[in-house]
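In what follows, a structure is listed as structure tokens, so that the remarks can point back to it.
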Amino acid sequence: MLCSHTYLIKCTFIPEQSNKMSDPSRLSEQEIERVSIEFHNNGFVCIENFLTADEVDRLRREANRLIKEEAVNERDKNIFANAINAKNDYFINSGDKVRFFFEAKAFENNELIVPEEQSVAKIGHALHNLNPTFKEVTYSKKMSDVFNAIEFDEPTVMQSMVIFKNPRVGGAYTPHQDASFLCTEPIRLAGIWLALDDATEENGCLQFIPGSHNWPLSRRFVRVEKDNGQIELEWTAPPLECDEDKFVPIPVKRGSLVLIHGLVVHRSSANLSNKARWIYTFHAFDRSRAVYLKDNWLQVG
Ligand code: FE2
């Protein structure tokens, strides 16, 4: 375990030296070089077999346990469709908690109409600090190699989620840049996306516009304090409009890691298949060269 602090601002990776060439728990020198080149050229890169089958199983078991033992107690608080609501305190104050957001389509007249294990849309946003199983993967030596590859000297995790994209009810993520949600000055932000299922075009794999990490940030999702002292969330500009034919789908196998530049435009479609698409994702910025902005929607501590 590389990090024992609870609060994100103190929680950083500690690079370690070792013979990476022969160590399966590290990235090889060739892999680090490939990651660096593709990340800078395209704004994203896939690393197959990043997680072992055992690691994937451990994360899946823990996510299942959270749904069965903890989500059930939160069901009446909100559903995901209403969660990104400007006045939803459960969502706004989830930065340092493990909270549950439900599939809007899993309910009809407040009654659950899908199996319980398919009812949760996502868990967020502090699994990386508060849950030992997710913390271990987040701060592994192999993960620190990924951040070394993109020259993040002090990668600092500010947010994590399990996203389930359940069969038939899992919704789409429209085109966006992650820095819209988690902006730093200057922008030194990367997302880690770990497939806990095979991600296909049918169940909603990631789709990217290669090279769009060179585009400017289109808009931000920020906290605004109103006259009555209430914190509300607002967009600073209308949504991105992109040509459909520019998106390239990136299907990946279970256990793969996709590294995402904070500015690259990406999306994923709804899951209309009968197969789930579970992922664990988190974001880090390089605290040695950038500052996390105080008006980002998500704040911790
Ligand atoms: Fe994203």
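Just so you know, these numbers use all the heavy atoms, side chains as well, and skip hydrogens, waters and symmetry mates. Read the numbers this way: they start at 1 and go in the same order the structure lists the ligands and their atoms.
Ring centroids of Phe44 and Phe39 are separated by 6.0 Å or more, keeping the two rings apart.
Under the side-chain contact (heavy atoms from CB on, under 4.5 Å) criterion, Asn109 pairs with no residue, sequence neighbours left out.
The two residues Leu240 and Ser218 have their closest heavy-atom pair at CG-OG, 3.5 Å.
Protein atoms of type N, O or S found under 2.8 Å from the Fe ion (ligand 1) total 3.
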Run the numbers on Phe208 and Phe247 for ring pair (Phe, Tyr, Trp, His ring centres under 6.0 Å), then give the verdict. CA-CA 5 Å; Phe208 289 94; Phe247 284 95; 9.0 Å; no
Verdict with supporting geometry, Trp193 and His283, ring pair (Phe, Tyr, Trp, His ring centres under 6.0 Å): CA-CA 9 Å; Trp193 190 99; His283 287 81; over 10 Å; no
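Asp54 and Thr52 are not linked by any side-chain donor-acceptor pair at a separation below 3.5 angstrom, with hydrogens and angles left out of the test.
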